[in-house]
Amino acid sequence: MQFNQTLESIKTYEAGKPIELVVREFGIAPEAIVKLASNENPYGCSLHVSQAVSHILSKMARYPDDSMYKLKAALAKRYDVGAHQVIIGSGSDQVIEFAVHAKASASRPVLMNSITFAMYEIYAKHVGAPVVRTTSRHHDLEAFYALYEQHHPSIIFICTPNNPTGDAIDAAELIAFLEKIDGDTLVIVDGAYMEYGRTKDAAKALEVSSLVARFANVLYLGTFSKAYGLGGMRVGYGIASAPIIEALYKLRPPFNITTLSLEAATVALEDDAFIEHSVLKNFEQMARYEAFAKARGFSYIDSYTNFITLCFDAPLNGTAIAQKLLSRGMIVRDLAGYGLNAIRVTIGLPEENDRFFELFDLVLKD
Ligand SMILES: *Cc1c(COP(=O)(O)O)cnc(C)c1O
């Protein structure tokens with residue numbers, strides 16, 4: 001069968017390998033597997049979530065509240081914007097999809113960092129939009145601006161902190177950049193790891209309400225999948241000026257968020273103490289990875305997220321290391337597909353990190 005030609009250039013997104021797959025492929029018991037590959041919160045989620053969700057289990061015969069009133073109101077309050085400036089997606093992935101479908105087309109390229117979240121390109125390809133990338137590893141906003149002037153992109157993706165490198169942009173620098181961009185270019189600012197980044201360095205924190213008030217062409221994205229520990233619930237959101245949200249709404253399928261997910265996200269948003277605790281523990285444990293890398297003479301990228309990217313020089317090879325770790329039940333992310341001799345490791349629980357260090361040393365001796 002012939003499918004749309006746009007599909008030919010799309011590589012299927014490879015999510016972090018699920019534990020179940022490693023059980024089947026390597027015959028390792030599930031308890032012996034450690035997954036540090038998808039930047040999930042190892043501390044789970046707020047304890048209030050499971051209580052709240054269990055209370056509404058009897059409501060599953062009904063469609064969810066499609067107005068998403070409670071969650072939108074909670075997000076609007078949190079970010080100090082109007083509820084009409086919020087859209088909820090099945091993961092922020094879905095909001096990216098809406099935005100790309102709403103704005104991008106084959107006639108203008110989409111601009112993004114050399115190394116960044118792989119889904120941006122996949123969604124661009126849905127609509128046949130060419131992709132233009134900068135060349136440096138970190139977001140270089142001067143290079144972005146030069147490419148913007150040259151290509152007049154429909155969308156600019158800014159991922160801060162960036163996945164899979166973990167670096168982040170200073171808010172002041174981003175604002176100076178946005179001032180130079182015309183109103184017909186949609187700038188998508190993906191803050192999937194912002195709960196981590198803003199805690200590590202206040203200079204990276206974005207004032208979302210003033211950002212979207214000042215720049216009517218900016219769409220800010222957040223997710224419940226990372227710090228909030230609700231990856232399995234699939235809830236993310238976009239915040240922007242009303243015209244952007246109205247455009248995105250036209251692409252939204254009805255009931256795109258389940259009743260359970262809406263409840264979980266609403267309750268999770270109230271528990272600041274859980275986020276604070278998770279972020280604190282994250283950076284405590286990250287320091288161990290930094291010390292580990294230094295002691296063994298390889299580098300890492302200073303990270304504002306809940307993962308760290310360890311970079312190798314030949315003869316050390318990230319792909320081989322990831323593979324050998326996997327055969328011992330340790331799932332990490334090989335970044336060869338991004339052109340890096342590196343692996344990305346989600347910061348786990350202390351005992352998971354112990355296990356990583358132990359297995360890594362074993363693998364180095366191989
Ligand atoms: C994880 C992630 C997302 C979205 O995750 P969802 O689970 O779809 O909300 C978006 N952007 C980046 C950079 C991410 O790492």
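For the side chain to side chain donor-acceptor pair (under 3.5 Å) condition, the pairs that include at least one residue of residues 214-236, sequence neighbours left out, are Arg78-Tyr228, Glu179-Arg214, Tyr193-Lys226, Thr223-Ser225, Ser225-Arg234. Pairs of residues two or more places apart, or lying in two chains, that qualify as salt bridge (Lys or Arg N to Asp or Glu O under 4.0 Å) and include a residue from residues 57-66 are Asp66-Arg252.
The CG atom of Leu230 lies 5.0 Å from the SG atom of Cys45; values are rounded to the nearest 0.5 Å. Annotation: the span from Gln285 atom CD to Glu351 atom CD amounts to 8.5 Å, rounded to 0.5 Å. If you take CE on Met194 and OG1 on Thr305, they are separated by 12.0 Å, rounding to the nearest 0.5 Å.
Between Thr116 and Arg133, the closest side-chain pair of non-hydrogen atoms falls below 4.5 Å. Side-chain contact check for Val100 versus Val110: every heavy-atom pair is 4.5 Å or farther apart.
There is a side-chain donor-acceptor pair under 3.5 Å between Arg344 and Asn163. There is a side-chain donor-acceptor pair under 3.5 Å between Thr165 and Asp167.
Residues forming a side-chain hydrogen bond (donor to acceptor under 3.5 Å, both in side chains) with Thr134 (at least two apart in sequence, or on another chain): Asn113. Remark: Tyr63 engages Phe255 in a ring pair (Phe, Tyr, Trp, His ring centres under 6.0 Å) (not counting sequence neighbours). His126 pairs by the ring pair (Phe, Tyr, Trp, His ring centres under 6.0 Å) definition with His101, Tyr123, not counting sequence neighbours. Remark: Tyr338 pairs with no residue by the ring pair (Phe, Tyr, Trp, His ring centres under 6.0 Å) rule, at least two apart or across chains. Applying the side-chain hydrogen bond (donor to acceptor under 3.5 Å, both in side chains) rule to Asp354 yields the partners Arg288; only residues at least two apart in sequence or on another chain are considered. Partners of Thr258 under the side-chain contact (heavy atoms from CB on, under 4.5 Å) rule, at least two apart in sequence or in another chain, are Leu260, Ser261. Taking the side-chain contact (heavy atoms from CB on, under 4.5 Å) definition, one finds that Ala342 meets it with Thr309, Cys311, Leu335, Leu340, sequence neighbours left out. Applying the ring pair (Phe, Tyr, Trp, His ring centres under 6.0 Å) rule to Tyr43 yields the partners His277; only residues at least two apart in sequence or on another chain are considered.
When all heavy atoms are compared, the tightest approach of Ala216 to Ile244 is O-CD1, 3.2 Å. Across all their heavy atoms, Phe144 and Met112 have their closest contact at CZ-C, 3.7 Å.
When each of Asn306, Ile275, Ile347, Asn39 is tested with Tyr196 by the rule side chain to side chain contact (heavy atoms under 4.5 Å, CB included), just one qualifies, namely Asn306.
Both Leu359 and Leu364 are assigned to one and the same hydrophobic cluster, defined by single-linkage of ILVMFWY side chains at heavy-atom distances under 4.5 Å.
Annotation for Val23: hydrophobic cluster partners, listed by chain and number, are Ile19, Val22, Phe26, Ile28, Ile33, Leu326, Ile331 (ILVMFWY side-chain heavy atoms under 4.5 Å, direct or chained).
Salt bridge status for Glu352 with Arg355: absent, with no side-chain N to carboxylate O gap under 4.0 Å. In this structure, Glu121 pairs ionically with Lys125, as a charged nitrogen and a carboxylate oxygen lie closer than 4.0 Å. The pair Arg296-Asp361 meets the salt-bridge criterion, with a side-chain N (NZ, NE, NH1 or NH2) lying under 4.0 Å from an Asp/Glu carboxylate O.
Residues Tyr249 and Phe98 keep their aromatic ring centres 6.0 Å or farther apart.
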Only pairs under 3.5 Å count here: list side-chain donor-acceptor contacts from residues 147-157, not counting sequence neighbours, and write none if there are none.
residue, atom, partner, partner atom, Å
Tyr148, OH, Asp182, N, 2.9
Tyr148, OH, Asp182, OD1, 2.6
Glu149, OE2, Tyr145, OH, 3.2

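More than 12 heavy-atom neighbours from other residues, nucleotides or ligands sit within 6.0 angstrom of CG on Leu349.
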